[in-house]
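In what follows, every heavy atom counts, from backbone to side chain, and hydrogens, waters and symmetry copies are set aside.
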Amino acid sequence: MNPNALNRALLRIVGVGWAVFAIAAVTIRLVLAAPEVTLLVDRSYCPPGDWQAVAQEYEALYQQNRQGQIRIQAVILFSDLGEDILETPPPPETFQALTTYGRPSADRQAALEAAHPNARLLNCGP
């Protein structure tokens, strides 16, 4: 048998194998993708003890993000005085050190929840 024909056949088999592997990897990535979530954090005034509970909930979500169980798209901090959008989730230590200020804003919260249907609300209140 011709050695060139064997080389072409081997290259074809390897090429098709890699193509199938790439297609399978992309399909698995799409089907088993982690759910995306936006965190809405009500940053209105909160007593330190209550903010600690919010920080612990955030830390649990942050760890799920690091383990690939969820994907945090953005963290939106809001109160009646305004809002801040953090594209990269801050480490739990930074989040816990955030200060709270202002009053709750039901209108701003409703607007943010409408704009981000996949959002998870973290707040100090009940």
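A donor-acceptor pair is defined here as one N or O able to donate and one able to accept, closer than 3.5 Å; such a pair exists between the side chain of Asp80 and the backbone of Arg103. At least one donor-acceptor pair closer than 3.5 Å links the side chain of Thr27 to the backbone N or O of Ile23.
Residues passing the side chain to side chain contact (heavy atoms under 4.5 Å, CB included) test with Ile85, sequence neighbours excluded: Ala74, Ile76, Glu83, Glu87.
Nearest heavy atoms, Leu81 versus Gly102: CD1-CA, 4.0 Å.
Residue pairs meeting the side chain to side chain donor-acceptor pair (under 3.5 Å) criterion with at least one partner in residues 35-46, sequence neighbours excluded, are Glu36-Arg71, Glu36-Gln73, Thr38-Gln73, Asp42-Ser44. Residue pairs meeting the ring pair (Phe, Tyr, Trp, His ring centres under 6.0 Å) criterion with at least one partner in residues 81-109, sequence neighbours excluded, are Trp51-Phe95, Tyr58-Phe95.
The distance from the CG atom of Asn65 to the CD1 atom of Ile72 is 4.0 Å, given to the nearest 0.5 Å. Taken to the nearest 0.5 Å, the OG atom of Ser79 stands 12.0 Å off from the CD atom of Gln109. If you take CG on Leu112 and OG on Ser105, they are separated by 8.5 Å, rounding to the nearest 0.5 Å. For the atom pair CD (Glu93) and CG (Leu98), the distance works out to 11.5 Å, reported to the nearest 0.5 Å. Here CG of Leu39 is found 5.5 Å from CG of Leu61. Values are rounded to the nearest 0.5 Å.
When hydrophobic clusters are built by joining Ile, Leu, Val, Met, Phe, Trp and Tyr residues whose side-chain heavy atoms come closer than 4.5 Å, directly or via intermediates, Leu40 is not grouped with Val54. The hydrophobic cluster containing Leu77 also contains Val37, counting ILVMFWY residues as joined when their side-chain heavy atoms lie under 4.5 angstrom apart, directly or transitively.
Using a 4.5 Å heavy-atom threshold, the side chains of Pro104 and Cys124 count as separate. The closest side-chain heavy-atom distance from Leu6 to Leu10 is not below 4.5 Å.
By the 4.0 Å N-to-carboxylate-O rule, Arg120 lies close enough to Glu57 to be salt-bridged with it.
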Derivation of the side-chain contact (heavy atoms from CB on, under 4.5 Å) call for Val41 and Asn123 = CA-CA 6 Å; Val41 181; Asn123 64 355; over 6 Å; no
